[in-house]
Participant: 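Quick one: structure below, then a few questions.
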2 protein chains.
Amino acid sequence: MPKKCNFIEKLREAGLRPTKQRLNMCEVLFNREKTFHFTINDLVKMISEKMNQKISLATVYNTVHAFEKKGYLKEISIDSHKSYFDTNTSVHHHFFDEETNELIDCDENDIDPVNIKKNITGKKINSVEVLIKVASDNQNQK
Amino acid sequence: MPKKCNFIEKLREAGLRPTKQRLNMCEVLFNREKTFHFTINDLVKMISEKMNQKISLATVYNTVHAFEKKGYLKEISIDSHKSYFDTNTSVHHHFFDEETNELIDCDENDIDPVNIKKNITGKKINSVEVLIKVASDNQNQK
DNA sequence: AACTACATTATAATAATTCTAAACTATTGA
DNA sequence: TCAATAGTTTAGAATTATTATAATGTAGTT
Ligand SMILES: [Mn+2]
Ligand SMILES: [Mn+2]
Ligand SMILES: [Zn+2]
Ligand SMILES: [Zn+2]
């Protein structure tokens with residue numbers, strides 16, 4: 001595991017102590033090629049599968065929220081019945097497959113910048129994000 | 001109350017029986033000039049204030065979801081910790097004030113149509129909605 | 001090693017939502 | 001008109017997601 005040192009530093013930089021549990025969560029969350037989306041339940045399963053250790057649910061919540069506060073994770077709201085998190089913390093757009101409940105990042109180049117002609121007076125814009133809901137195209141089965 | 005007949009018809013058209021509770025909810029939700037956003041808690045307060053009757057929380061949930069299913073209400077997901085509903089059921093964009101938690105409809109003309117250059121293959125787009133998060137512009141207090 | 005601050009844990013508490021099943025009501029049609 | 005029926009409301013219980021508690025454990029520091 002050559003990556004572990006990175007995670008220790010990553011945690012230290014955020015003022016978080018590099019505990020065993022947090023390092024395990026870093027492995028699961030950040031030791032991968034691509035960013036991804038997950039729910040707390042997904043994550044609990046992934047941790048208990050990948051690592052052969054029990055982790056308290058409270059620790060998962062605490063750590064996810066600590067990571068979120070430090071900007072290592074981003075919470076995404078698509079379906080108000082489910083809390084999604086994203087290891088891609090940039091402002092970006094999403095496709096959401098309403099049939100499979102799958103959340104997919106929009107490629108930066110696949111959507112033109114959104115042109116807001118009039119903002120609310122006295123307010124500054126913090127983020128602009130587009131959500132594209134899709135479903136399978138069954139027009140052929142008519 | 002000349003509107004009540006409309007609500008009876010509105011409910012009948014959706015195959016919903018025009019019960020006292022549902023008519024009261026229609027009054028609160030639809031007997032107004034502009035559409036608006038609310039949470040279940042907001043709605044329960046509004047009903048118990050406007051009408052001088054108790055209504056079961058279960059009925060509020062049931063009725064909101066019945067209205068949602070029939071297309072009279074739309075659920076909006078901004079903050080995964082709170083479920084918002086909208087009496088504006090069209091596909092439309094929102095400003096969300098992160099300080100006040102206020103949800104504001106975007107005027108149709110104040111934002112250019114979103115140009116999606118590449119969609120997911122085999123999928124059709126059901127909706128495209130933009131969420132603009134804003135906060136007060138305090139650059140003057142530097 | 002010992003001290004301290006912070007983290008983890010099991011469990012309890014809370015909050016939001018849904019379920020249950022009994023009582024009630026709108027609709028239908030005899 | 002009125003009883004039969006299907007659908008609705010209700011209080012309260014159950015479920016689920018999340019957060020709080022407080023005792024125990026651990027990382028960082030001296
Ligand atoms: Mn959160
Ligand atoms: Mn819903
Ligand atoms: Zn994403
Ligand atoms: Zn709206």
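Numbers restart at 1 for each chain; the letters A, B, ... are given by sequence-line order, proteins then strands. All values below were derived from every heavy atom in this structure, side-chain atoms included, with hydrogens, water molecules and symmetry-related copies excluded.
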Participant: What is the distance from CG of Leu11(A) to P of dA7(C), rounded to the nearest Å?
Facilitator: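 Whole-Å distance recorded here is 10 Å.
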Participant: What is the bend of the helix from dT4(C)-dA27(D) to dA30(C)-dT1(D) when you compare the axis at one end with the axis at the other, using five pairs each and rounding to 10°?
Facilitator: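 For the helix from dT4(C)-dA27(D) to dA30(C)-dT1(D), the axes at opposite ends meet at about 30°.
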Participant: Under the rule for ring pair (Phe, Tyr, Trp, His ring centres under 6.0 Å), what residues qualify as partners of His94(A), not counting sequence neighbours?
Facilitator: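 Only His37(A), His92(A) meet the ring pair (Phe, Tyr, Trp, His ring centres under 6.0 Å) criterion with His94(A).
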Participant: Using side-chain hydrogen bond (donor to acceptor under 3.5 Å, both in side chains) as the criterion, list what pairs up with Asn115(B), not counting sequence neighbours.
Facilitator: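 Result, side-chain hydrogen bond (donor to acceptor under 3.5 Å, both in side chains) vs Asn115(B): Asp112(A).
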Participant: CG of Asn24(B) to CG of Asn31(B): how many Å apart, nearest 0.5 Å?
Facilitator: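 Atom-to-atom, Asn24(B):CG and Asn31(B):CG are 11.5 Å apart.
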Participant: Roughly how many Å is it from CG in Leu16(B) to P in dT25(C), rounded to a whole number?
Facilitator: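 Nearest whole value for this atom pair: 19 Å.
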Participant: Mind listing the N/O atom pairs, protein and nucleotides 26-28 of chain D, below 3.5 Å?
Facilitator:
unit_1	atom_1	unit_2	atom_2	d
dG28(D)	OP1	Arg12(A)	NE	3.2
dG28(D)	OP1	Arg12(A)	NH2	2.5

Participant: Do the side chains of Leu73(A) and Phe38(A) get nearer than 4.5 Å, heavy atoms only?
Facilitator: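 Answer yes - side chains close enough.
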Participant: Using the side-chain hydrogen bond (donor to acceptor under 3.5 Å, both in side chains) criterion, which residues pair with Gln21(A)? Sequence neighbours excluded.
Facilitator: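 side-chain hydrogen bond (donor to acceptor under 3.5 Å, both in side chains) list for Gln21(A), sorted by chain: empty.
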Participant: Is it the case that over 12 heavy atoms from other parts of the model lie below 6.0 angstrom from the NZ atom of Lys124(B)?
Facilitator: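 More than 12 heavy atoms, drawn from other residues, nucleotides or ligands, come within 6.0 Å of this atom.
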Participant: If I compare all heavy atoms of Cys106(A) with all of Ile111(A), which pair ends up nearest, and what's the gap?
Facilitator: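 For Cys106(A) and Ile111(A), the tightest heavy-atom pair comes out as SG-CG2, 4.3 Å.
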Participant: Could you give the CD-to-C1' distance, from Gln53(A) to dG25(D), as a whole number of Å?
Facilitator: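 Interatomic distance, CD of Gln53(A) to C1' of dG25(D): 14 Å.
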Participant: Dump every N/O contact between nucleotides 9-13 of chain C and the protein below 3.5 Å, one line per pair.
Facilitator:
unit_1	atom_1	unit_2	atom_2	d
dT9(C)	OP1	Gln21(A)	NE2	3.1
dT9(C)	OP2	Ser56(A)	N	3.1
dT9(C)	OP2	Thr59(A)	OG1	2.6

Participant: It should be established whether His65(A) places a side-chain nitrogen or oxygen under 4.0 Å from OP1 or OP2 of nucleotide dT18(D).
Facilitator: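 For His65(A), the contact criterion (side-chain N or O under 4.0 Å from OP1 or OP2 of dT18(D)) is not met.
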Participant: With rounding to the nearest 0.5 Å, note down the distance linking NZ in Lys118(B) to CG in Asp107(A).
Facilitator: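 Those atoms lie 6.5 Å apart.
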Participant: For residues 54-61 of chain A, dump all side-chain donor-acceptor pairs below 3.5 Å to protein atoms at least two apart in sequence or in another chain.
Facilitator:
unit_1	atom_1	unit_2	atom_2	d
Ser56(A)	OG	Ala58(A)	N	3.2

Participant: Give the minimum heavy-atom separation between Lys82(A) and Asn101(A), together with the two atoms involved.
Facilitator: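 Taking Lys82(A) first and Asn101(A) second, the nearest heavy atoms are NZ-ND2, 3.2 Å.
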Participant: Using whole Å, what does the distance between atom C1' of nucleotide dG7(D) and atom NZ of Lys69(B) come to?
Facilitator: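 To the nearest whole Å, that distance equals 14 Å.
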Participant: Under 6.0 Å from the CD atom of Glu108(A), do we count more than 12 heavy atoms belonging to anything else shown?
Facilitator: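 Not buried by this count: 12 neighbours or fewer within 6.0 Å.
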Participant: Could you work out, with side-chain hydrogen bond (donor to acceptor under 3.5 Å, both in side chains) as the rule, every residue matching Asp110(A), not counting sequence neighbours?
Facilitator: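 Expected list: none.
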Participant: To the nearest Å, how far apart are Glu75(A) CD and dT18(D) C1'?
Facilitator: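 Roughly 11 Å, once rounded to whole Å.
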Participant: Using 4.0 Å as the upper bound for N to carboxylate O, is an ion pair formed by Lys74(B) and Glu129(B)?
Facilitator: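 Yes, charged N to carboxylate O under 4.0 Å.
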Participant: Can you list the residues that meet the ring pair (Phe, Tyr, Trp, His ring centres under 6.0 Å) rule with Phe95(A), with sequence neighbours excluded?
Facilitator: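 Scan of Phe95(A) (ring pair (Phe, Tyr, Trp, His ring centres under 6.0 Å), adjacent residues dropped) gives none.
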Participant: Any idea which heavy atoms bring Thr63(A) and Arg22(A) closest together, and the distance?
Facilitator: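 Answer, listing the atom of Thr63(A) first, then Arg22(A): CG2-CG, 3.9 Å.
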Participant: Quick check on dT18(C): is either OP1 or OP2 less than 4.0 Å from any side-chain nitrogen or oxygen of Tyr61(B)?
Facilitator: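 No, because none of the side-chain N or O atoms of Tyr61(B) sits under 4.0 Å from OP1 or OP2 of dT18(C).
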Participant: Distances for protein N/O vs nucleotides 1-3 of chain D N/O pairs under 3.5 angstrom?
Facilitator:
none

Participant: With sequence neighbours left out, write down each residue that passes side-chain hydrogen bond (donor to acceptor under 3.5 Å, both in side chains) with Thr39(A), or none if nothing qualifies.
Facilitator: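 For Thr39(A), the residues satisfying side-chain hydrogen bond (donor to acceptor under 3.5 Å, both in side chains) (neighbours in sequence not counted) are Asp42(A).
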Participant: Which ones in residues 35-46 of chain A lie close to DNA chain C, meaning a heavy atom under 4.0 Å from one of its atoms?
Facilitator: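 Residues of residues 35-46 of chain A that come under 4.0 Å of DNA chain C do not exist, since none gets that close.
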